[in-house]
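Quick notes on the structure that follows.
Basis for what follows: all heavy atoms, side chains included, without hydrogens, waters or symmetry-related copies. None of the values given here were measured: they were computed from a predicted structure.
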Amino acid sequence: MDCPKAELSLTFVNDPAMARLNRTIMQRRGTTNVIALPQQGGPFPEVQPQILGDVIISLEATQRQAWQQGWEFAELFDLYLIHGILHLLGYDHETSEAAAQCMAVKTKELFLLLYPELKEVIAWPDWK
């Protein structure tokens, strides 16, 4: 992955705070597990080119979903962090099936660098 050195902001929230952010920023109802807010691109990309953006993770959603899906909290947290960072780098699973597949492959590739012993995990989250 070709990415220059950049700053990343991480914010951890509970479900009610994430639901408010999801409604305000994404115009979607309810909570979600991760929101990524890129700072690069847009009309003024040269203003702060060293700032990649923000990743916001609901710790409550992560804990609940880890329990529901049989994941360890730390593993699922890392998966959501990778997912958010990939969004900041321009990956987007919501634009097309091909884009979703590309993001899924990159997510698994990066996740397995951290957890090679989980290569056989079959219950990957579906972000469609």
Side-chain angles (χ1 to χ4, degrees):
M1 225 164 41
D2 186 29
C3 179
K5 289 184 180 181
E7 184 178 318
L8 170 70
S9 170
L10 298 175
T11 303
F12 309 118
V13 298
N14 61 17
D15 279 346
M18 183 62 97
R20 284 190 301 277
L21 291 167
N22 201 26
R23 182 179 61 249
T24 303
I25 296 168
M26 308 301 289
Q27 287 78 51
R28 295 180 181 161
R29 297 188 64 146
T31 192
T32 188
N33 42 39
V34 60
I35 293 177
L37 305 172
Q39 296 296 314
Q40 297 181 346
F44 306 104
E46 68 283 351
V47 173
Q48 294 287 339
Q50 74 280 9
I51 298 177
L52 188 58
D54 305 276
V55 175
I56 305 165
I57 298 175
S58 169
L59 297 179
E60 286 181 340
T62 303
Q63 181 63 50
R64 181 178 58 257
Q65 292 166 359
W67 181 81
Q68 291 170 343
Q69 299 171 24
W71 286 70
E72 293 294 325
F73 174 85
E75 296 164 357
L76 193 58
F77 176 89
D78 289 342
L79 187 68
Y80 291 160
L81 180 58
I82 290 167
H83 182 83
I85 292 170
L86 287 174
H87 270 298
L88 297 181
L89 293 172
Y91 289 81
D92 190 351
H93 56 90
E94 296 180 7
T95 57
S96 71
E97 186 61 38
Q101 181 64 26
C102 181
M103 187 171 186
V105 167
K106 183 55 78 173
T107 299
K108 290 175 186 178
E109 175 187 328
L110 294 173
F111 180 80
L112 291 173
L113 288 174
L114 295 174
Y115 299 100
E117 70 279 8
L118 298 179
K119 187 174 176 77
E120 300 305 317
V121 170
I122 58 170
W124 292 96
D126 183 6
W127 279 290
K128 293 180 189 174

Pairwise distance [atom1]([X]) to [atom2]([Y]) - rounded to 0.5 angstrom:
X: E72; Y: L79; atom1: CD; atom2: CG; answer: 13.5 Å
X: L112; Y: E117; atom1: CG; atom2: CD; answer: 9.0 Å
X: F73; Y: L59; atom1: CZ; atom2: CG; answer: 5.0 Å
X: D92; Y: M103; atom1: CG; atom2: CE; answer: 7.0 Å
X: L8; Y: Q39; atom1: CG; atom2: CD; answer: 10.5 Å
X: L81; Y: L76; atom1: CG; atom2: CG; answer: 11.5 Å

Tracing side-chain contacts under 4.5 Å among Ile, Leu, Val, Met, Phe, Trp and Tyr outward from L21 reaches V13, M18, I25, M26, I35, L37, I56
Who are the salt bridge (Lys or Arg N to Asp or Glu O under 4.0 Å) partners of D78, not counting sequence neighbours?
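Not a single residue meets the salt bridge (Lys or Arg N to Asp or Glu O under 4.0 Å) criterion with D78.
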When you compare the side chain of [Y] with that of [X], does any pair of heavy atoms fall below 4.5 Å?
X: L89; Y: L52; result: yes
X: N22; Y: T31; result: no
X: V55; Y: Y80; result: no
X: L110; Y: L86; result: yes

Between W71 and F111, how do the two ring planes meet: parallel, tilted or perpendicular, split at 30° and 60°?
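Perpendicular.
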Group every Ile, Leu, Val, Met, Phe, Trp and Tyr by side-chain heavy-atom contacts under 4.5 Å, then state whether [X] and [Y] land in the same group.
X: L114; Y: L10; value: yes
X: L118; Y: I82; value: yes
X: F77; Y: Y115; value: yes

For A36 versus G84, what's the shortest heavy-atom pair and its separation?
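Answer, listing the atom of A36 first, then G84: CB-O, 3.4 Å.
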D15 versus S58, closest heavy-atom pair with distance:
OD1-OG, 2.6 Å
Could you list the residues that satisfy side chain to side chain donor-acceptor pair (under 3.5 Å) with E109, not counting sequence neighbours?
K106
Hey, which of Q65, E60, R64, H83 is the one that makes side chain to side chain donor-acceptor pair (under 3.5 Å) with N33?
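That would be Q65.
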